[in-house]
Each structure stands twice: as C-alpha cells, then as structure tokens.
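Not measured: the values here are computed from a predicted model.
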Amino acid sequence: MRRYLLAAALAACFTSAHAAFQIPGFELVQTAPVETALKSDDLRGPVEVWTELFDNAKSEICIGQFYIASVPGAPFEKVIERLESAGRRGVKIRFLVDKKGVTGLSDKATVDRLRAIPNLEMRVLDVSQLTGNGIIHAKYLTVDHKVAFIGSQNFDWRAFTHIHETGLRITDAKIVGQVQAIFEQDWAAQATLAAGKAVAPLQAKAAILAGAPLAAALPTDANFLIASPGGFNPAGVADSEVVLPALLADAKQEIRVSMLDYAPLSYGPNGTRPFYAVVDNALRAAATRGVKVKLLVSNWNLEKPAIQHLKSLAILPNVEVRVVTIPKASTGFIPFARVWHSKTLVIDGKLAWVGTSNWAGGYFDLSRNMEVVMRNEAMAKRVYALQEQAWSSQYAEPLDINKDYPKPNKGKEE
C-alpha cells in the first residue's frame, strides 16, 4: 500500500511538472490556435490559468486591457464567469481599459456585463492625453498583490482560442509589485485626467537616448520588468525603449524575435507614420557586426508601408525573415483572428523576453506596454523552442523580397 501511494505521489509530481513549464517565479503560458499543430503539451493555456487566478483571489483583482470582447459559447466565457463569481463573493475588482479600445473595438454587451459585476469598478483611460497619442496596449492583471499575468492576450475570446499568444504567470515578488505600481499609476492618472487636470511625467526621458553608453541602460537583476512609455513608469521600472536597444547591442551570436508586426514607423497626427529608428537601428547594427537575426512575423505584417521596411531588413546579411499564416478555422472566417500575435525575444539562447509590444513605433514611445526579461537559460531555451516550432512549421515561409504581396485580410471576409 505504501509503495502504491508513493508511486501515485511520484506520478502526480511528474504530471504536474509536465503540465506547466516553470522556472522560479514564472510560468510560460500559451494560446495555440485551435485546429493547428502548434499546441505545446507542457504549456498551460490562459483559460486554465486565468480561471485559477480568479478562483483563488481573496481580496482584489486588478486588470489592465486594451479592449473587451466575448461571444456566447466561447471558452473565454468561463473566464468571465469566474470573474463574476469573484465579484459576488466580495473580491474587489478594478478594471482599467483604454479609451480607443473601449469605444472602437470592444463589444458593448460584454462591457456592460463586466460593469454589472458586483464590486467591480471600471475606468477608461485616454493615453493620448499623457503622450499625445498611444493606447493601453499592455494586457495584464494582478491578484491580491501576490501574482500577476503579463502577455499578448487581449481580453478577447479570440485571444484564448483562435490567435497564437504567449504570456507569463508571475509570482516573482519584485516584479508583481512593479506591475501593481504601474496599475496604480495609470488608475490614478485616469482620475486626475477625469478631473480636468494634467498628469506630469514621473521621470525625465532616460539619458541613454541622449547618447549615454548603451550598457548603462541594462538592469543588473537576473529577471526584471521594463515598461513604456518611460516617462510614466514608477520609480525602479526601466524604459523599454532604452533597454531593448541595449539588449540587442549586447547580443553575441543570435537574436530570435517573434512579433505580430515589425516596422520602423510610429503614429503621428492626422494618420501620418513618422520614421521611428530606435529598434530598427539596433537590430541592423547587430546584423552588421555578425549576429544572426531570425525574425518571425505574422502575415498581417505584409501590409504597406510596413512590408517595404521588412524587405529592406530581410535583404541584409545575417538576417532571415519568415512569415506565419494561420489557416482559417473550419467554422469560417473570424475577423481579427487566426494570426500570430506572440511577442517574444531570445538572445544567445540565454535571455528570454515575453511581453506586450510589437516592434514598431507607437508601442515603446507612446503606449503603455510591459515586458519581462529573464536571464534564465531554461526559459530562453523553452521560448526558443516555441519560436522554432512555428519557424519550421507548415505555417511559416521565408519572406520573398521580390514578391508583391496582397493586402492581408484582417477584419472582414473577402
């Protein structure tokens, strides 16, 4: 009997270890689009992780999101049901959503459903009032000031079923505290703006952008949080726009990037797209000094004018670009879905980055985003394998610099 119990206990440990890839403080979480071969058996999905977080909440849930959308019957409905249950049992819920997202992309019925949850307060923040343009593009939550989640998953049923996404469940106390501090900063900023007052930046633009040595921008912690826009980061949270070029400058052998899209363009007034060279210069400099660059982007990146810049990068020595196309679901066309949306970076097989920013202007300079950087070889290898799974799959093909690609179909069936 004792041997049976021991064997059962060992089996349970083995199953648990293989049900969730973790390093101390972090669990990697994946959405694999249904009806694809991209599912990873050792990575839990966000439906399981988020429902667990909401079920275990004791006092407070804080959520920051770009927009809100669900449909009846979707697996994501389970997440909303657990959030409703948390509110009914007395858990305080604060939900911060972006103005552009809630007015332009959100499903009104779902927004109204959330607003009706007991003990839930929703605020709508216009980031443009802080930076001149931009949005809450970060997708994150905290529970009881003890655990956080940061990832590419929007509060959207499609992000839990039909889009490739990557995120992190975080229990690292320092980073959880910093995520909470960012939420509190933005929550308070919304109240200040709603009162008709201006919100002053918390810190000046980092000196690194004015010519200080790149190495000076790198935090020394093994694992650390970075965020944007840097001027509105709480003390101790480094600026993504500063740290990313420094990380790329530190690469010795290989840089592997996975993004929805890549373009050295930002967002200016009246629909203009001013040139934004910060990330592009750093990546080209790495390739020029012999670092191999492998960039995996979605087929949405084939839209003009981004495609011209992508081709100009792909033509460089040491640079490879592949494009991922997720096939249409058997149930038919789904707008703004069936796409590669994960935002990850691996450097030299030793450093991993999982976050919310696409690599283009507007994300690092104007919008609220967050990235977690982990100097951990085990996590780097796992994220690398996740990228490689798609890179070598039937869904990816090399970017053809001589091909005139059609405009990608995002929002409606054609």
Side-chain angles (χ1 to χ4, degrees), residues 25 50 53-54 56-68 83 86-87 90-99 101-102 114-115 117 119-131 134-151 154-155 167-204 206 219 221 223-241 243 355-357 364 366-372:
W50 283 36
L53 290 172
F54 294 162
N56 291 335
K58 301 292 190 299
S59 59
E60 185 177 44
I61 297 169
C62 300
I63 302 173
Q65 282 284 333
F66 180 24
Y67 67 96
I68 297 164
L83 188 63
V91 176
K92 179 181 178 181
I93 303 168
R94 291 187 288 163
F95 201 119
L96 187 66
V97 64
D98 181 74
K99 182 178 180 180
V102 79
L114 293 185
R115 289 186 186 275
I117 295 176
N119 297 303
L120 185 145
E121 180 184 358
M122 183 179 293
R123 291 185 183 179
V124 178
L125 174 63
D126 183 0
V127 176
S128 294
Q129 291 186 260
L130 302 177
T131 64
I135 56 175
I136 299 176
H137 191 258
K139 308 96 169 53
Y140 69 102
L141 61 90
T142 66
V143 176
D144 297 338
H145 294 226
K146 294 180 179 178
V147 60
F149 186 95
I150 295 174
N154 288 299
F155 202 87
L168 287 173
R169 180 184 178 275
I170 305 163
T171 54
D172 179 284
K174 181 176 181 179
I175 292 180
V176 171
Q178 290 175 326
V179 175
Q180 187 70 46
I182 288 173
F183 179 86
E184 301 295 351
Q185 148 66 22
D186 292 350
W187 185 261
Q190 189 280 336
T192 302
L193 293 172
K197 301 176 182 178
V199 178
L202 298 179
Q203 49 187 298
D221 293 351
N223 309 305
F224 55 92
L225 180 74
I226 57 179
S228 61
F232 293 92
N233 287 347
V237 180
D239 186 350
S240 302
E241 189 179 27
V243 173
T356 69
S357 294
F364 296 114
L366 301 174
S367 298
R368 171 61 77 201
N369 278 288
M370 300 184 199
E371 340 293 336
V372 179

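Sorted by first then second residue, the side-chain hydrogen bond (donor to acceptor under 3.5 Å, both in side chains) pairs that include residues 186-195, not counting sequence neighbours, are D186-R368.
The CD1 atom of I136 sits 9.5 Å away from atom CE of M370, with the distance rounded to the nearest 0.5 Å. Between the CG atom of L120 and the CD1 atom of I93 there is a distance of 5.0 Å, given to the nearest 0.5 Å. We find the CZ-OG distance between F66 and S367 to be 8.5 Å, quoted to the nearest 0.5 Å. Atom NZ of K174 and atom CG of N223 lie 10.5 Å apart (nearest 0.5 Å). Rounding to the nearest 0.5 angstrom, the gap separating the CG atom in N233 from the CD1 atom in I226 is 9.5 Å.
Here V176 pairs with A148, I170 under the side-chain contact (heavy atoms from CB on, under 4.5 Å) rule; sequence neighbours left out. Scored by the side-chain hydrogen bond (donor to acceptor under 3.5 Å, both in side chains) test, N154 finds K139 as partners (sequence neighbours excluded). Qualifying side-chain hydrogen bond (donor to acceptor under 3.5 Å, both in side chains) partners for Q129, counting only residues two or more places apart in sequence or in other chains: none. Applying the side-chain hydrogen bond (donor to acceptor under 3.5 Å, both in side chains) criterion to K146, with sequence neighbours excluded, gives no partner residue. Residues satisfying the side-chain hydrogen bond (donor to acceptor under 3.5 Å, both in side chains) test with Q180, not counting sequence neighbours, are T142, E184.
Here the closest heavy-atom approach between residue V97 and residue Y67 is recorded as CG2-CA, 4.0 Å.
N369 places no side-chain N or O within 3.5 Å of a backbone atom of S228 that could act as its donor or acceptor partner. With D144 contributing its side chain and K58 its backbone, the two residues share a donor-acceptor pair below 3.5 Å.
Checked against a 6.0 Å centroid threshold, the rings of F155 and F95 count as neighbours.
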